[in-house]
Amino acid sequence: MEMGNQHPSISRLQEIQKEVKSIEQQVLGFSGLSDDKNYKKLERILTKQLFEIDSPGRGRHKTERLLKELEQNANHPHRLEIQNIFQEAQALVKEKVVPFYSGGNCVTDEFEEGIQDVILRLTHVKTGGKVSLRKARYHTLTKICAVQEIIENCMKKQPSLPLSEDAHPSVAKINSVMCEVNKTRGTLIALLMGMNSKETCRHLSCVLSGLMADLDALDVCGHTEIRNYRKEVVEDINQLLRYLDLEEEADTTYAFDLGQNHSILKIEKVLKRMREIKTELLQAQNPSELYLSAKTELQGLIGQLDEVSLEKNPCIREARRRAVIEVQTLITYIDLKEALEKRKLLACEEHPSHRAVWDVLGNLSEIQGEVLSFDGNRTDKNYIRLEELLTKQLLALDAVDPQGEEKCKAARKQAVKLAQNILSYLDLKSDEWEY
């Protein structure tokens with residue numbers, strides 16, 4: 001059939017297919033909840049298109065699939081987990097921070113500990129590589145970290161001013177702007193935490209830009225102290241304006257997809273080399289010949305991790321922390337192997353309790369080698385077996401009676417710490433964490 005003679009219904013079907021394709025990426029990347037405006041908008045568009053497609057076929061099937069995807073994104077268990085954690089953060093801010101900006105006492109250590117706990121739990125929410133969950137986690141983390149940073153900066157930076165208004169006519173205006181900036185800081189926190197439905201990022205940006213214009217209009221030539229005062233307030237405004245860009249930044253691929261992040265790539269490079277060293281050690285016929293060179297290189301890898309930029313991102317911070325533990329655990333494994341081999345060369349009398357501790361350390365060394373090779377989750381039989389073996393070693397150490405020997409007490413304490421560290425490392429390897 002000629003294109004110009006197409007039946008109107010076929011033309012309309014093709015238009016609908018184009019419309020569906022145009023919003024497909026929005027649906028797949030939707031990171032909000034079912035009560036969000038954007039959710040209702042996408043649902044309305046897809047439902048309308050579904051009604052227009054009378055007969056079953058590829059067009060109807062794709063529209064139904066996108067509707068289902070949209071609903072699953074908004075109601076995914078891990079998306080709801082993110083929202084529940086965010087609501088805890090909201091309650092914390094409402095209780096501890098809002099009174100502070102209303103003239104109350106300073107923010108307490110309890111708030112700082114609470115917000116750190118919230119951030120840590122958010123970094124451990126599993127996304128399974130799903131774009132919508134990655135965006136939701138990143139967006140939530142970014143807002144909470146911004147609030148944390150705003151408060152920390154406010155607490156640390158005690159302005160040396162305001163100056164006396166008698167110093168210069170412009171001082172009164174700068175003082176006034178500074179008071180408005182402090183109020184806006186509280187408003188921004190409420191906005192970021194979803195606690196102020198009347199305010200918008202755009203309006204707040206206009207308010208701050210207006211305050212900036214007021215400061216720019218002041219003539220403070222020849223007054224260094226007053227110029228520095230104005231500069232300080234301008235810097236505060238610029239910082240608040242940067243926080244207002246978070247909404248847009250959260251939608252950019254590079255921001256939430258940490259697989260493309262420069263810092264994460266550096267961490268992955270270190271981990272790759274660490275795994276190569278580990279494989280060489282565990283498979284070598286004479287591993288003792290590799291101990292010195294391996295430890296030297298592993299120490300260098302720790303140094304490389306120290307240089308990784310965290311970019312104020314808690315997920316990168318957690319990735320680096322875990323990488324450091326991975327490398328440090330391998331160094332500890334080599335240290336224990338060296339100590340056990342050195343002990344074999346020393347044939348001397350020792351206290352029975354001290355010998356019992358060394359026997360346990362020998363067992364821990366063998367178990368640690370298995371833990372280093374373990375690659376599974378907590379439902380694996382091997383995980384359960386290793387956990388039981390480590391628990392038995394802790395019980396064996398608990399049964400050792402030092403009989404007042406200080407050397408034996410110290411050795412047992414170190415052995416207990418080592419067993420607990422191996423157990424923690426086993427948990428870390430099996431918790432399926434991802435950035």
Side-chain angles (χ1 to χ4, degrees), residues 29 31 78-79 81-83 85-86 88-89 92 112-153 156 192-193 239 242-278 298-331 424-425 427-435:
S31 60
H78 292 161
R79 178 64 187 91
E81 182 185 356
I82 290 169
Q83 182 61 16
I85 296 173
F86 182 62
E88 288 181 37
L92 199 60
E112 292 177 13
E113 291 170 6
I115 213 73
Q116 281 293 351
D117 178 64
V118 163
I119 290 170
L120 183 63
R121 283 161 56 203
L122 276 171
T123 63
H124 284 82
V125 173
K126 294 178 174 60
T127 66
K130 195 173 173 68
V131 170
S132 61
L133 290 176
R134 280 187 171 185
K135 286 176 72 173
R137 185 180 68 173
Y138 175 80
H139 197 186
T140 306
L141 272 170
T142 304
K143 289 191 289 187
I144 294 174
C145 289
V147 169
Q148 182 190 37
E149 191 175 281
I150 291 168
I151 294 165
E152 284 180 354
N153 289 343
K156 290 176 184 174
L192 289 170
M193 297 305 295
Q239 185 64 58
R242 281 193 286 272
Y243 291 126
L244 288 169
D245 294 333
L246 293 175
E247 200 79 25
E248 183 179 340
E249 182 191 336
D251 288 327
T252 56
T253 302
Y254 77 88
F256 66 82
D257 187 3
L258 290 179
Q260 302 176 28
N261 182 277
H262 180 66
S263 295
I264 289 292
L265 291 174
K266 284 184 72 173
I267 292 171
E268 287 294 342
K269 185 179 178 181
V270 167
L271 286 173
K272 181 183 177 184
R273 181 56 193 145
M274 182 276 298
R275 293 185 189 106
E276 290 171 352
I277 296 170
K278 179 174 68 176
L298 289 168
Q299 291 290 358
L301 293 180
I302 292 278
Q304 289 179 38
L305 289 171
D306 288 341
E307 294 171 3
V308 169
S309 170
L310 300 181
E311 302 175 21
K312 297 181 182 178
N313 188 317
C315 287
I316 297 175
R317 183 166 62 240
E318 177 66 7
R320 189 182 71 171
R321 183 188 74 85
R322 296 168 79 94
V324 168
I325 291 173
E326 289 268 9
V327 178
Q328 194 62 57
T329 301
L330 191 53
I331 293 173
S424 297
Y425 177 64
D427 284 340
L428 180 139
K429 286 196 77 174
S430 57
D431 68 2
E432 301 174 279
W433 184 81
E434 32 146 73
Y435 45 75

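Quick caveat, the model's predicted, so the values are computed rather than measured.
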So [Y] and [X], do their side chains get closer than 4.5 Å, heavy atoms only?
| X | Y | result |
| --- | --- | --- |
| Asn261 | Asn313 | no |
| Glu152 | Glu112 | no |
| Leu271 | Arg275 | yes |
| Gln239 | Glu149 | yes |
| Leu305 | Met274 | no |
| Leu192 | Ile150 | yes |
| Gln83 | Thr140 | no |
| Cys315 | Leu141 | yes |

Would you compute the distance between atom [atom1] of [X] and atom [atom2] of [Y] and round it to the nearest 0.5 angstrom?
| X | Y | atom1 | atom2 | value |
| --- | --- | --- | --- | --- |
| Leu92 | Ile115 | CG | CD1 | 5.0 Å |
| Gln304 | Glu307 | CD | CD | 7.0 Å |
| His262 | Ile316 | NE2 | CD1 | 10.5 Å |
| Tyr425 | Leu330 | OH | CG | 7.5 Å |

With distance as the sole test, does [X] use its side chain to make a donor-acceptor pair with the main-chain N or O of [Y] at under 3.5 Å?
| X | Y | value |
| --- | --- | --- |
| Lys135 | Gly29 | yes |
| Ser263 | Ser309 | yes |
| Arg79 | Ser31 | yes |

Checklist line | Worked verdict on Glu318 versus Leu120 for side chain to side chain contact (heavy atoms under 4.5 Å, CB included) | finding: CA-CA 8 Å; Glu318 177 66 7; Leu120 183 63; 3.9 Å; yes

Margin query: Let's go through Arg121 and Glu88 carefully: what are the C-alpha distance in whole Å and the side-chain angles of both, what is the deciding distance for side chain to side chain contact (heavy atoms under 4.5 Å, CB included) to 0.1 Å, and is it a yes or a no?
Written below: CA-CA 11 Å; Arg121 283 161 56 203; Glu88 288 181 37; 2.8 Å; yes

Check: After noting the C-alpha distance and the side-chain angles of Lys143 and Tyr243, does the key distance pass the side chain to side chain contact (heavy atoms under 4.5 Å, CB included) rule?
Finding: CA-CA 8 Å; Lys143 289 191 289 187; Tyr243 291 126; over 6 Å; no

Item checked: For Arg273, all residues meeting side-chain hydrogen bond (donor to acceptor under 3.5 Å, both in side chains), sequence neighbours excluded ->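 Partners of Arg273 under the side-chain hydrogen bond (donor to acceptor under 3.5 Å, both in side chains) test: Glu276, Glu297.
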
Checklist line | Electrostatic pair Glu326-Arg322, nearest N-O below 4.0 angstrom | finding: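 Not counted as a salt bridge, because no side-chain N and carboxylate O are separated by less than 4.0 Å.
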
Checklist line | Test side-chain contact (heavy atoms from CB on, under 4.5 Å) applied to Arg320 and Ile264, Ile325, Ile267, the passing residue | finding: Ile267

